[in-house]
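All remarks here apply to the structure that follows.
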Amino acid sequence: MKPQVPIEVDAATGEWSVDGIPMILVPRHFFINNHLAIEAALGAQKYSEILFEAGHKSAYVWCEKEATTHGLQGVEVFHHYMKRLSQRGWGKFRVESVDPQTGQSRILVSNSVFSIGHASTPRKTCYMFRGWFPGSLEFVGTLLGKRLKLTSAESQCAAEGKHDHCVFETRSV
Ligand SMILES: [Zn+2]
């Protein structure tokens, strides 16, 4: 199967982009090795907290741009985001439930790059995703005229060795 996202490459600069947003294509092992090196230096708890803020902000901005680019309304933006993440190789994201009014949701992730990268260690590994769901759903909230403040947690992870997929849940802070 060919890529499911419209990748553009600028002939002059060599920059890659999808929907007008610059992208970097990197080997997964490079990305995971960087991730593990930072985790080892900071500790998973501290690293997770830093990633939450950075991921939340990036998801919010991405969703804002994509909503404009594609003319998406309300919770369509969140579904589009989950589809694009799935198409870009992070794993397969499936929305089991979402309430755009409260931001409460339950997302199933199979083939998470982090659970694959950490397969030998039985623990929850996919905390980089934590901020992404609240960031996107808070943006959906602004489209609906609401000021949501959300958090999220991975309630089960495929890397724990007991499940075939990961589960994230979002809720109000
Ligand atoms: Zn996981």
Side-chain angles (χ1 to χ4, degrees), residues 1 3-5 18 21 23-63 66 75-100 102-141 148-173:
M1 190 163 80
Q4 302 294 292
V5 288
V18 173
I21 299 175
M23 297 279 166
I24 305 169
L25 181 67
V26 295
R28 190 172 73 195
H29 71 262
F30 164 79
F31 178 80
I32 294 293
N33 284 340
N34 278 293
H35 174 74
L36 294 176
I38 299 167
E39 180 185 77
L42 294 179
Q45 181 63 36
K46 181 69 181 168
Y47 187 29
S48 172
E49 288 166 17
I50 293 168
L51 284 175
F52 182 88
E53 296 304 325
H56 179 287
K57 180 180 173 186
S58 299
Y60 191 99
V61 168
W62 188 93
C63 287
E66 287 288 291
V75 77
E76 285 176 1
V77 182
F78 183 64
H79 289 291
H80 173 68
Y81 183 43
M82 295 299 107
K83 184 179 80 176
R84 279 287 194 257
L85 291 177
S86 302
Q87 291 172 327
R88 286 179 7 220
W90 290 102
K92 288 286 185 186
F93 291 70
R94 190 157 64 83
V95 181
E96 187 182 80
S97 64
V98 60
D99 179 352
T102 63
Q104 196 162 331
S105 71
R106 193 174 146 89
I107 315 299
L108 312 184
V109 186
S110 52
N111 300 99
S112 155
V113 291
F114 300 104
S115 68
I116 295 166
H118 290 256
S120 60
T121 314
R123 64 188 175 100
K124 294 187 177 82
T125 56
C126 311
Y127 51 84
M128 187 178 281
F129 297 147
R130 271 183 62 236
W132 302 7
F133 311 112
S136 177
L137 288 168
E138 286 179 27
F139 174 70
V140 170
L148 301 176
K149 185 67 184 155
L150 305 171
T151 188
S152 103
E154 184 173 29
S155 55
Q156 71 170 53
C157 182
E160 292 174 301
K162 293 177 278 185
H163 320 282
D164 64 355
H165 63 275
C166 309
V167 176
F168 283 84
E169 292 171 28
T170 62
R171 60 172 179 78
S172 293
V173 174

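No experiment lies behind these values; they were computed from the predicted model shown. In each ligand, atom 1 is the first atom listed, and ligand 1 is the first ligand listed.
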Given a threshold of 2.8 Å, state how many protein N/O/S atoms are nearer than that to the Zn ion (ligand 1).
4

Those residues at least two apart in sequence (or on a different chain) that pass side chain to side chain donor-acceptor pair (under 3.5 Å) with Gln87 are Arg84

Do NZ/NE/NH1/NH2 and the carboxylate oxygens of Lys83 and Glu66 come within less than 4.0 Å?
no

Please identify each residue that fulfils side-chain contact (heavy atoms from CB on, under 4.5 Å) with Ser110, with sequence neighbours left out.
Lys92, His165

Within the side chain of Ser112, is there an N or O that forms a donor-acceptor pair under 3.5 Å with the backbone of Gly91?
no

Exercise answer: donor-acceptor pairs, residues 131-138 side-chain atoms, under 3.5 Å, sequence neighbours excluded:
residue: Trp132; atom: NE1; partner: Met128; partner atom: O; Å: 3.0
residue: Glu138; atom: OE1; partner: His56; partner atom: NE2; Å: 3.0
residue: Glu138; atom: OE2; partner: His56; partner atom: NE2; Å: 3.1
residue: Glu138; atom: OE2; partner: Leu150; partner atom: N; Å: 2.9

Ser115 versus Thr125, side-chain donor and acceptor atoms under 3.5 Å
no

